[in-house]
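Order of the sequence lines fixes the chain letters, A, B, ..., with proteins taken first and strands second; residue numbering starts at 1 for each chain.
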Amino acid sequence: MAQVRLGNIVKHYGDSIAVDDVSLTVEDGEFVALVGPSGCGKTTTLNLVAGLLELTGGTIHIGDRQVNELDPKDRDIAMVFQNYALYPNKTVYANLAFPLQMRKTAKADIDRKVRAAAASLDITHLLQRRPRELSGGQQQRVALGRALVRDPKVFLMDEPLSNLDAKLRVQMRAELKRFHQDLKATIIYVTHDQLEAVTMADRMAVMNHGVLQQYDTPEVVFNAPLNLFVAGFVGSPAMNLFPAEVADGGASLLGPEGWRLTLSERNAARARRATGGVILGARHSMIGLHGEPATDRIPGRVYTVEPTGDITFVHVRIAAANVIASVGPDIRLRADDAVWLSFDQNKLHLFDVASGQALRD
Amino acid sequence: MTARSDGLLRRIVRHRADYLYVAPALGVMLLVIGYPIYDTVYLSFFNTPPNLALEDKIFAGLDNYGRILSADSFHEATWNTLVWTVFSTFFAFVLGFGAALALNREFRGRGLLRGILLIPYVISAVAASYVWRWLYHSDFGVIGAISVALGFTDTPINFLDNTTVVMPALIVVNVWKEFPFAMIMMLAGLQTVPDHLLRAARVDGAGTWESFVHITLPHLKGVTLVTVLLLLVTNLNSFTIPYIMTGGGPAGASEIWITHIYQLAFGRIRFGLASAYSVILFIVMMGLGYFYVRALTQGDERRGG
């Protein structure tokens with residue numbers, strides 16, 4: 001296993017910029033998720049690490065070696081593809097043996113390693129079958145096995161779970177995480193599903209428009225998003241974001257709908273740093289719903305109520321803006337009830353409208 | 001499940017609209033293919049007079065077949081047909097596949113080259129045959145003149161009037177004419193090789209050659225089979241090039257089945273004999289056709305399963 005270091009990597013396709021000056025280090029044995037909406041450059045970044053695409057600029061190191069000019073086969077990586085990319089004319093055994101065979105491994109060694117990998121993934125009984133005779137989950141395991149047999153320095157995974165049904169995905173997610181823990185493997189994992197990133201990765205790199213937005217542990221990314229994009233992308237349902245003006249020298253916020261919210265000392269200090277307006281960000285769990293007004297509450301009206309069993313999401317309209325709050329399942333609210341929203345001031349997010357960046361202490 | 005146990009008639013009634021749609025095409029095929037086949041088989045059992053008065057024909061049972069199968073001319077034509085078909089198919093396929101591999105890579109002028117390589121295929125076979133006859137001409141032919149100028153031979157080679165050279169000379173023309181077909185088929189096949197498999201193979205350590213052997217070739221198995229079978233059928237049925245260029249000569253050295261049948265039917269007006277000959281060819285073609293359909297539908301079953 002090895003560390004992977006991306007230094008200011010750039011990838012252009014003609015005039016369009018797919019990856020724009022991305023630098024990040026994946027530590028030895030770390031599980032890093034590259035996450036972002038489609039077209040954000042995450043898969044391109046992965047293919048650059050794999051060597052399937054050529055860099056326009058920057059450097060990539062795997063371990064101590066700079067691999068910019070190396071062929072994929074010389075980078076000592078293994079890759080798991082979204083559609084598994086199993087060789088359709090080969091048996092499962094031959095699929096697993098292929099990377100070893102290409103490296104001129106001795107026959108006895110190949111057999112030993114293939115059987116070991118198959119045993120660890122519980123696919124020994126499938127070895128003589130062909131890929132088309134396997135279920136999606138089984139194909140997924142074979143693809144993983146083919147990556148595993150060679151004991152590579154880095155595993156690259158390109159949305160490996162996105163072709164599975166929801167139930168199987170949850171199961172494979174757990175298996176992948178366990179796989180990482182058991183092997184202490186360095187894994188770079190691309191996904192558009194922020195939930196996969198949050199649940200599995202040691203650190204997640206959020207990308208948008210080819211630019212790295214934030215690279216940190218899921219806890220930090222979730223609790224302290226650096227900018228509006230990350231705030232809106234990570235977490236489900238998405239963070240509530242609504243614009244406001246700074247009033248009373250920072251002591252309170254004035255909404256375009258006419259509400260006024262008194263800020264805590266710490267938040268007031270942040271708000272004063274704004275160059276113009278601010279955007280208020282609050283996750284559903286940080287919003288309280290009340291029956292009476294107060295100075296730190298915003299009036300609204302219940303739009304609709306979504307009970308999910310253990311938690312109930314309440315959509316509240318503040319004039320035209322929609323806010324999602326959550327309450328316990330035993331709280332009964334009905335559409336068009338008048339409510340007042342309060343915010344946990346310790347977990348309130350403030351962003352500068354002009355730059356989109358979080359306002360920090 | 002129940003449909004299978006129903007009688008054919010009831011099934012036709014239930015799906016009458018479907019059958020109605022197929023009916024016109026079926027009717028035309030019965031008329032222009034079904035009836036001639038029937039009539040040919042029927043005629044093959046008769047001795048026909050050497051004129052168009054077919055009502056004077058005499059039933060002869062399997063005599064025509066016996067005469068054909070024991071005739072030296074049949075064995076010679078069969079041998080020629082085999083040589084013609086096997087070599088034409090082999091070289092057309094190899095050349096076409098090579099051209100397809102070359103055209104499958106990105107390079108400047110690829111579109112132009114593809115266009116140029118398609119020219120033989122789109123040129124009329126009759127026109128091409130006449131042009132090649134001039135190229136091969138023993139006195140005025142360009143090929144002969146060039147080989148003399150370059151010192152390969154002292155006198156121009158007599159390509160088409162020489163019993164040993166005529167067959168290879170015709171095969172060259174045929175290969176030139178039909179290799180673009182193999183090229184198009186294989187190029188289409190090459191373009192469907194899944195990119196993710198090639199990338200997976202690259203990551204797994206395969207070089208260009210290994211990727212070709214392990215990914216590309218297996219993927220091309222189906223299209224290769226279909227292309228070769230179609231070439232075989234086309235070549236077994238060849239008529240234009242040998243008929244125009246040599247008419248089967250000299251001394252039957254380039255006589256193949258179809259030109260021979262034509263000669264029997266319309267040269268010597270032996271319709272009964274020619275019909276029996278055609279039936280033999282028909283049986284051989286049906287055998288190839290069976291493999292062709294199987295090659296085509298095997299993929300369907302695989303996809304369906």
Side-chain angles (χ1 to χ4, degrees), chain A residues 43 46-53 67 70-91 94-105 110 130-134 139 142-150 152-160 163, chain B residues 93 97 100-101 104-111 185-229 291 294-305:
Chain A
T43 299
L46 194 75
N47 283 333
L48 287 168
V49 176
L52 292 168
L53 293 173
V67 297
L70 291 183
D71 254 11
K73 65 177 159 65
D74 301 321
R75 294 192 181 195
D76 207 358
I77 47 157
M79 200 157 171
V80 180
F81 294 85
Q82 178 173 2
N83 41 19
Y84 320 131
L86 299 179
Y87 307 124
N89 54 305
K90 294 183 188 296
T91 60
N95 263 282
L96 295 181
F98 189 71
L100 299 170
Q101 206 183 325
M102 288 300 110
R103 281 173 171 70
K104 312 271 184 283
T105 312
I110 291 182
R130 295 199 188 260
R132 66 168 178 277
E133 298 163 344
L134 306 181
Q139 291 188 29
V142 176
L144 210 56
R146 192 174 63 185
L148 182 66
V149 278
R150 220 171 62 215
K153 285 210 176 81
V154 185
F155 287 93
L156 306 177
M157 303 193 181
D158 186 5
E159 310 225 11
N163 282 9
Chain B
F93 180 77
F97 192 16
L101 286 172
N104 197 39
R105 309 172 141 259
E106 294 275 355
F107 59 87
R108 191 183 288 269
R110 178 166 75 155
M185 295 289 283
M186 298 313 285
L187 190 57
L190 281 171
Q191 280 165 358
T192 64
V193 177
D195 203 38
H196 62 263
L197 290 185
L198 294 172
R199 284 189 293 152
R202 272 180 75 193
V203 172
D204 282 343
T208 313
W209 173 249
E210 283 105 346
S211 286
F212 182 71
V213 171
H214 289 278
I215 312 295
T216 309
L217 275 188
H219 186 81
L220 293 176
K221 217 161 72 183
V223 67
T224 301
L225 193 61
V226 168
T227 306
V228 167
L229 279 168
F291 287 110
R294 213 175 67 164
L296 282 184
T297 51
Q298 218 165 29
D300 291 347
E301 276 159 27
R302 196 178 305 160
R303 273 190 291 278

Asker: Compare every heavy atom of A:P72 with every heavy atom of B:V203, then report the nearest pair and how far apart it is.
Answerer: CA-CB, 4.0 Å
Asker: Mind checking side-chain contact (heavy atoms from CB on, under 4.5 Å) for B:T224 and listing every partner two or more places apart, or none if nothing turns up?
Answerer: B:F93, B:M186, B:L220, B:V228
Asker: Distance check, rounded to the nearest 0.5 Å: B:I215 atom CD1 versus A:F98 atom CZ?
Answerer: 5.0 Å
Asker: Taking side chain as everything from C-beta outward and backbone as N, CA, C, O, which of these in A:L100 sits under 4.5 Å from a heavy atom of chain B? Side chain, backbone, both or neither.
Answerer: neither
Asker: Could you state the interatomic distance from NE2 (B:H196) to CE (A:M79), rounded to the nearest 0.5 Å?
Answerer: 12.0 Å
Asker: Measure across B:L197 and A:P88 and return the closest heavy-atom pair with its distance rounded to 0.1 Å.
Answerer: CD1-CD, 3.6 Å
Asker: Let me know if A:E133 has heavy atoms under 4.5 Å from chain B in its side chain, its backbone, both or neither.
Answerer: neither
Asker: In Å, rounded to the nearest 0.5 Å, how long is the span from CE of A:M102 to CZ of B:R202?
Answerer: 15.0 Å
Asker: Could you tell me whether the side chain of B:H214 reaches within less than 4.5 Å of the side chain of A:K90, counting heavy atoms only?
Answerer: yes
Asker: When heavy-atom pairs shorter than 4.5 Å are enumerated against chain A, which of B:A206, B:P194, B:A200 gives the highest number?
Answerer: B:A200
Asker: Under the rule for side-chain contact (heavy atoms from CB on, under 4.5 Å), what residues qualify as partners of A:K73, not counting sequence neighbours?
Answerer: A:D71, A:R103
Asker: Evaluate the side-chain proximity of B:R199 to A:N47: yes if any heavy-atom separation is below 4.5 Å, no if none is.
Answerer: yes
